[in-house]
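Everything below concerns the one structure shown next.
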2 protein chains.
Amino acid sequence: MNEQGAFRALADPTRRQILMHLSAADMTIGEVSDRFEMTRGAIKKHLTILEEGNLISVQTSGRERINHLEPLGIKSAANWLNYFNQFWDDKLGALQSAIEKETKND
Amino acid sequence: MNEQGAFRALADPTRRQILMHLSAADMTIGEVSDRFEMTRGAIKKHLTILEEGNLISVQTSGRERINHLEPLGIKSAANWLNYFNQFWDDKLGALQSAIEKETKND
DNA sequence: TTGACATGATACCTTTTGGTGATATATATC
DNA sequence: GATATATATCACCAAAAGGTATCATGTCAA
């Protein structure tokens with residue numbers, strides 16, 4: 001629950017692109033902003049919103065802030081969406097129930 | 001692809017609640033707005049945005065408009081999120097690859 | 001300690017968003 | 001036809017979002 005922060009963060013295309021970049025490697029704010037034609041300030045705001053949605057987490061190292069992907073928010077959004085699978089695809093729903101069972105036994 | 005409309009629509013909590021209501025039953029605009037303390041006009045706007053994101057589709061019947069859940073948009077958002085599973089949960093990723101294979105053989 | 005570098009923070013601007021209220025149109029129903 | 005019902009549309013408003021520019025702070029390196 002509390003998927004609001006995650007869905008709010010996911011609504012912006014720039015933020016989704018940031019997540020894609022962070023899936024390739026952890027990055028500092030500067031490294032992220034190098035990949036966009038936008039000021040550091042704007043990127044910093046996006047990173048803050050991603051952090052609030054628990055889609056990324058941040059580790060400070062000296063004067064750098066290293067951003068990396070965080071499962072929590074992404075999973076909460078994905079779980080919310082997966083609720084709807086049951087309404088049009090029973091087979092998929094059954095398999096995903098199996099996954100949940102499986103992952104609990106880790 | 002083109003998941004922007006879906007994610008934009010999902011960002012608002014009222015719209016996510018509407019989807020939950022529509023998962024129980026198809027509803028006219030009036031029936032949806034009866035479930036919220038908000039004007040019909042506001043609900044109509046939300047339904048338009050949900051339709052633009054392909055999260056619902058609408059069938060006209062006389063003077064009524066019947067809204068019902070639509071897999072397309074929800075699946076496109078879910079698929080986008082599922083891409084990230086591979087980065088922290090190999091077992092889950094493997095099982096979901098199996099699902100994709102399975103559902104293609106339908 | 002001085003200077004360069006990475007980030008933090010703030011004020012400001014424009015556009016979008018989420019909502020209201022009023023009015024118009026189309027369709028049932030009597 | 002007259003009237004009630006369901007929705008459509010439009011103007012309007014306040015607040016939030018997305019961006020810039022500027023200045024402050026903390027840290028590394030010589």
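Chain letters run A, B, ... following the sequence lines, proteins first, then strands; residues in each count from 1.
The side chain of His46(A) places an N or O atom within less than 4.0 Å of a non-bridging phosphate oxygen (OP1 or OP2) of dG19(D). OP1 and OP2 of dT7(D) both lie 4.0 Å or more from every side-chain N or O belonging to Lys44(B). For dA4(C), neither phosphate oxygen OP1 nor OP2 lies less than 4.0 angstrom from any side-chain nitrogen or oxygen of Arg63(A). Taking only side-chain nitrogens and oxygens, Thr39(A) comes nearer than 4.0 Å to OP1 or OP2 of dT20(D). Applying the 4.0 Å criterion to OP1 and OP2 of dA8(D), one finds that Arg65(B) has a side-chain N or O inside that range. Between dT20(D) and Arg40(A), no contact under 4.0 Å exists linking OP1 or OP2 to a side-chain N or O.
Base engagement by Lys45(B) is indicated by at least one non-hydrogen atom pair under 4.0 Å involving a base atom.
Spacing between atom CD1 of Ile43(B) and atom C1' of dG21(C) amounts to 16 Å, rounded to whole angstrom units.
Of all the residues in residues 22-30 of chain B, Thr28(B), Ile29(B), Gly30(B) reach under 4.0 Å from DNA chain D with at least one non-hydrogen atom.
Heavy-atom distances to DNA chain D give each of Gly62(A) and Arg8(A) a nearest nucleotide, and the one nearer the 5′ end belongs to Arg8(A).
Interatomic distance, Asp26(B) CG to Leu69(B) CG, rounded to the nearest 0.5 Å: 8.5 Å.
Using cut-offs of 30° and 60° for the angle between ring planes, the Phe87(A) and Phe84(A) rings count as tilted.
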Using atom types as modelled, flag every donor-acceptor pair under 3.5 Å from a side chain in residues 55-64 of chain B to any protein atom, sequence neighbours excluded.
| residue | atom | partner | partner atom | Å |
| --- | --- | --- | --- | --- |
| Ser57(B) | OG | His68(B) | NE2 | 3.1 |
| Ser57(B) | OG | Glu70(B) | OE1 | 3.0 |

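Remark: the backbone N or O of His46(A) is not paired with any side-chain donor or acceptor of Arg15(A) at under 3.5 angstrom.
Among the nucleotides dG18(D), dG19(D), dT20(C), the one closest to the side chain of Arg15(A) is dG18(D).
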